[in-house]
Amino acid sequence: MRDFRASDPAAMADSPLRDTVRHFKETEKGVSSMCKELEKIVEEAETKGMEKGMEKGMEKGMEKGMATGIEKGMATGRLAQLHDLVKKGLLTLSTAAREAGMTEDAFRKAAML
């Protein structure tokens, strides 16, 4: 167990482990091999992180789109109801416009009166 905590291969008692650690820490080929493996690990982690970020972004975008769609749908439905009440003579144009939070001209254009 002591060998696994040693940072210097010379302090290791187990010769196969010492030789392997020395190869990856002290030879050009070993260091190069270790760098390539670490680069792969980092790249995989970044890719997974980006994928998770994209998923979260898509979820947030869909939630926001749904909320906006519902909001617009409700506003359109309310405008249609007010329009119908004006057409039936149950509501004046000025009252309907005020209820819709619009000017009479804007209400007339939006409701196509």
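Within the model, atoms CD of Glu55 and NZ of Lys52 stand 8.5 Å from one another, a figure rounded to the nearest 0.5 Å. Put simply, CE on Met12 and OG1 on Thr20 are 9.5 Å apart, with the number rounded to the nearest 0.5 Å. Of the inter-residue distances, the one linking Glu104 atom CD with Thr95 atom OG1 reads 8.5 Å to the nearest 0.5 angstrom. In this structure, the separation between CD on Glu71 and NZ on Lys64 is 11.0 Å, given to the nearest 0.5 Å.
For Glu26, the CD atom sits in a packed shell: over 12 heavy atoms of surrounding residues, nucleotides or ligands are nearer than 6.0 Å.
In plain terms, the two heavy atoms of Leu82 and Ala96 that are nearest each other are CD1-O, 3.6 Å. Across all their heavy atoms, Arg108 and Leu93 have their closest contact at NH2-CD2, 2.7 Å. In this structure, Ala111 and Leu79 approach most closely via the heavy-atom pair N-CD2, 4.5 Å. Closest approach of Gly30 and Phe24 over heavy atoms only: O-CD2, 3.5 Å. Arg18 and Pro9 make their closest contact through CG-O, 3.0 Å (heavy atoms, listed as atom of the first residue, atom of the second, distance).
Taken together through direct or relayed side-chain contacts under 4.5 Å among Ile, Leu, Val, Met, Phe, Trp and Tyr, Met34 and Ile41 form part of one hydrophobic cluster. Linking Ile, Leu, Val, Met, Phe, Trp and Tyr whenever their side-chain heavy atoms come within less than 4.5 Å puts Leu90 and Phe107 in one cluster.
Side-chain contact between Arg78 and Glu99 is present, with at least one heavy-atom pair separated by less than 4.5 Å.
The backbone N or O of Glu28 sits nowhere less than 3.5 Å from a side-chain atom of Ser32 that would complete a donor-acceptor pair. In this structure a side-chain-to-backbone donor-acceptor pair under 3.5 Å is present from Thr76 to Lys72.
Taking 4.0 Å as the cut-off between side-chain N and carboxylate O, Lys40 and Glu37 count as a salt-bridged pair.
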